[in-house]
Amino acid sequence: MAREYSLNPTSVPQTLRIDYVRELNDQQYRAVTAQPGPALVLAGAGAGKTRTLTYRVAWLIEQGIPADRILLLTFTNKSARKMMQRVAELLNGEGALLWGGTFHSVGVRILRRHADRLGYRRDFSIADREDVKDLIAACIADSDIDIKAGRFPKPEALADLYSMMINTGKNLEEASGGEIGPFANVLDGIGAVRLRFIERKKTSGIMDFDDLLSLWVRLLRDCPDVADLYQRRFQHVLVDEYQDTNRLQGELLDLLTVRHRNLMAVGDDAQSIYSWRGADFTNIINFPVRHPDAQVFKIETNYRSTPEILAFANAAIAANIRQFPKILQPARSSGMKPAVIVTTDAREQASFVAQRALELRDEGVPLNEQCVLYRSHFHAMELQMELTRRNIPYSITSGIRFFEQAHIKDIAAYLKLVSNPADELALKRLARMLPGVGGKGAEKIWAAFSARLPVASQALEAVVSFNDASDKDALSDNDGILPEAGPIIFVAPLLVAAHPSVPKKAAAAWAQFTATVSQCEAPALRSVPGRMIRLVVEADYENYLKNTHENAKNRLEDIVQLAAFADQFTDVGTFLAQLALQTNLEAENTQARDDDDERLKLSTVHQAKGLEFKVVFAIMLCDGLFPSGRSSETTDGEEEERRLFYVAVTRAKDELYLCRPLLRFIPSGGDALQQPSRFLAEIPLALTEEWNVKPQPSSSFNSARERSQQPSEAPSDFDEDMPF
């Protein structure tokens with residue numbers, strides 16, 4: 001057994017350049033100046049996590065640890081640059097040799113030096129998402145798999161599945177859901193494609209993002225000399241957002257720190273909310289188990305929120321069993337209690353948020369300092385329409401707007417084509433969803449289809465184009481009701497006639513598509529767009545989702561809510577016009593306000609983690625929505641949902657509004673009474689105040705069906721000369 005011999009610090013002892021006692025609070029100071037060894041730093045929301053990490057790195061360098069012997073791992077390059085720049089500022093440029101970056105960027109740095117040990121060239125290429133999709137498509141083509149038999153998943157779905165396998169350590173059957181999963185009947189083919197995909201990456205000298213981690217782990221496992229090099233080099237390893245690490249990243253950290261055992265993991269178990277993308281909660285919760293001698297530090301002084309919001313947050317997370325208990329302590333003076341807003345339905349909730357946001361703006365809180373948070377995209381559907389009607393500018397942190405998502409536009413394309421056979425964009429979009437049909441193929445299908453449209457221009461003009469109907473003047477001419485469509489042109493016979501232009505591999509899917517359109521054209525469905533949407537989903541679109549997208553369940557849930565929303569309209573035309581108006585008005589607003597940043601922020605809670613706002617509105621706090629029905633079926637699922645709720649409320653600095661509608665429109669059932677979120681029920685009444693929203697008799701809070709038949713426009717809440 002080798003004898004251990006420790007070297008003294010190489011730098012000459014000197015007076016510390018930083019007054020750590022003055023710069024840090026007591027809890028931060030204890031973590032920053034911790035003795036060597038494994039350490040878990042539990043930094044509560046708004047408690048100065050980044051500051052603690054930065055000063056820890058500076059402290060190590062001032063104690064004589066060479067900067068190039070320190071590894072700082074983060075989840076974004078921006079975070080790494082920010083911390084490394086701050087260290088350099090604190091130490092007058094010292095620390096430039098510090099190793100810092102994301103797991104993936106450091107993985108690239110190491111693999112560039114040693115890829116040949118794994119059979120790769122050192123100048124390997126790095127494949128992005130599109131590259132991976134194209135390579136998987138090529139592997140499917142080379143595998144002689146009949147993609148029509150059993151609806152073989154598309155490359156995008158396989159890329160998500162393969163990534164989940166690598167990052168969670170699950171085998172194919174586990175990751176795909178096994179016998180009850182959407183790919184149960186084609187697992188052998190999926191496995192064969194995966195083996196071919198792995199081999200083609202290697203022979204092509206390509207690594208994807210998952211390889212940058214998995215091959216790094218393999219390098220440390222299979223090459224003891226390389227492992228020894230980096231285990232000796234990195235005397236101290238610090239990792240940010242440790243609660244978000246997955247199984248692979250946890251293993252990497254253990255392999256790197258096995259020699260010196262100086263791993264400082266900084267994070268907050270109460271903010272572990274990404275299990276759906278592979279994050280492993282057990283990494284942080286079991287840290288003291290894997291490292292029995294670990295020091296555990298809690299940083300609980302919150303500099304972000306008022307005492308009233310923190311009292312609410314502490315109560316919100318208290319019911320979780322698997323956690324490191326923490327009590328956030330305020331550093332700020334008192335403010336208003338969190339307000340529970342009880343509204344009649346989602347439309348009234350939307351009106352409240354819009355009105356209150358404007359009031360707060362008048363009180364000096366800019367719109368971009370206000371944020372609306374929700375559990376899922378469809379929760380903000382009514383709100384987006386209300387903000388558009390009021391001409392209130394907004395942006396969506398979580399990305400694409402609900403009505404502009406691909407699956408929503410797919411469904412709308414079916415309805416558009418049935419309503420307007422001359423809609424070229426709708427038919428081409430639907431054609432491209434068929435197996436083996438791309439842009440050129442869709443052009444050929446459209447040419448064959450359009451050639452069979454009625455020649456008489458009067459007949460064509462009688463068919464309403466819902467693209468044109470999105471124009472505000474077209475809607476206002478008839479008080480919000482579209483012109484009569486005139487003679488009906490049935491689409492299904494034209495699709496049958498266009499069949500010869502369809503590729504052979506898409507023939508069966510085209511027949512199914514034609515049958516679906518034929519069913520949608522039944523006179524009884526033209527007045528009930530919600531039923532038409534459900535028919536499309538049941539006929540074939542649900543299978544298309546499962547074979548195209550890894551998150552098919554979430555997308556399907558969006559469509560279910562879209563159908564419920566559509567049930568409020570008395571005809572397909574009015575419904576489509578509302579969707580078109582929503583997109584069209586926002587496009588106009590965006591063009592007019594390119595230089596204006598003052599917009600109300602809308603975001604899923606997942607996307608808002610790490611952000612903060614003066615005012616937060618959390619909406620749709622009903623059981624089954626937040627927490628979601630599916631997530632709350634297990635204890636682990638419910639606890640993660642509670643952590644998600646905790647993240648939502650801790651984004652607020654000054655004011656917190658928690659909104660819950662009493663009624664929700666249920667398909668074929670009308671308005672159904674909603675139970676308040678169980679998370680609200682867990683909060684002591686003394687910590688909140690309840691607001692009951694009471695609409696004026698002449699207000700716009702009419703029934704859902706009445707609202708759907710009213711003019712789409714509403715007077716703007718902004719004067720024309722305002723900078724929006």
Do [X] and [Y] meet the criterion of a side-chain donor-acceptor pair at a distance under 3.5 Å?
X      : Y      : result
Glu300 : Gln27  : yes
Tyr55  : Glu23  : yes
Glu241 : Gln243 : yes

Are the side chains of [Y] and [X] in contact, using a 4.5 Å heavy-atom criterion?
X      : Y      : value
Phe613 : Gln370 : no
Ile683 : Leu658 : no
Gln249 : Leu73  : no
Val41  : Tyr242 : no
Asp211 : Asp208 : yes
Thr52  : Val266 : no
His606 : Val647 : no
Tyr230 : Leu255 : no

Roughly how far, to the nearest 0.5 Å, is [atom2] of [Y] from [atom1] of [X]?
X      : Y      : atom1 : atom2 : answer
Leu91  : Arg17  : CG    : CZ    : 5.0 Å
Ile392 : Gln355 : CD1   : CD    : 9.5 Å
Leu219 : Arg113 : CG    : CZ    : 12.0 Å
Ser628 : Arg375 : OG    : CZ    : 4.5 Å
Asn25  : Gln329 : CG    : CD    : 11.5 Å
Ile284 : Gln323 : CD1   : CD    : 11.5 Å

Ignoring hydrogens and angles, tell me if any N or O in the side chain of [X] forms a donor-acceptor pair with the backbone of [Y] under 3.5 Å.
X      : Y      : value
Asn262 : Gly37  : yes
Asn314 : Leu310 : yes
Glu612 : Lys653 : no
Asp280 : Thr168 : no
Arg218 : Cys223 : no
Lys298 : Pro325 : yes
Ser677 : Phe679 : yes
Ser305 : Ala652 : yes
Glu655 : Val615 : no
Lys614 : Pro366 : no

On a heavy-atom basis, which atom in [X] and which in [Y] lie closest, and how many Å separate them?
X      : Y      : value
Ala331 : Thr301 : CB-CG2, 4.1 Å
Leu263 : Phe287 : CD2-CE1, 3.8 Å
Ile619 : Val353 : CG2-CG2, 4.1 Å
Ala115 : Met207 : CB-CE, 4.2 Å
Val649 : Ile309 : O-CG2, 3.7 Å
Tyr374 : His379 : CB-CB, 3.8 Å

- prompt: Does NZ or CZ of Arg643 come closer than 6.0 Å to the centre of the six-membered ring of Phe281, within 45° of the ring's axis?
  reply: yes
Audit row: Lys601, Ser395, side-chain contact (heavy atoms from CB on, under 4.5 Å) steps and yes/no: CA-CA 5 Å; Lys601 307 295 183 183; Ser395 62; 3.4 Å; yes
Less than 4.0 angstrom from a charged side-chain N to a carboxylate O is my criterion; do [X] and [Y] meet it?
X      : Y      : value
Asp26  : Arg30  : no
Glu682 : Arg678 : no
Arg356 : Glu363 : yes

message: Using side-chain contact (heavy atoms from CB on, under 4.5 Å), reason through Phe103 and Thr245 one step at a time and then give a plain yes or no.
response: CA-CA 10 Å; Phe103 281 88; Thr245 55; 4.1 Å; yes
query: Between Tyr20 and Tyr29, does the ring centre distance come in under 6.0 Å?
result: no
- prompt: Yes or no on side-chain contact (heavy atoms from CB on, under 4.5 Å) for Glu640 and Leu644, after CA distance, side-chain angles and deciding distance?
  reply: CA-CA 6 Å; Glu640 179 158 337; Leu644 190 65; 5.7 Å; no
- prompt: Does the side-chain contact (heavy atoms from CB on, under 4.5 Å) test come out yes or no for Arg304 and Arg651, once each step is laid out?
  reply: CA-CA 8 Å; Arg304 174 187 300 160; Arg651 300 311 93 198; 3.3 Å; yes
message: Listing request: all salt bridge (Lys or Arg N to Asp or Glu O under 4.0 Å) pairs with a residue in residues 314-330, at least two apart in sequence or in separate chains.
response: Asp268-Lys326, Asp269-Lys326, Arg322-Asp636
- request: Please test His260 against Phe234 for ring-ring contact (aromatic ring centres under 6.0 Å, His included), starting from the C-alpha separation and ending with a verdict.
  value: CA-CA 8 Å; His260 295 292; Phe234 297 131; 9.8 Å; no
task: Please state whether the rings of His104 and Phe209 are parallel, tilted or perpendicular, taking 30° and 60° as the class boundaries.
output: tilted
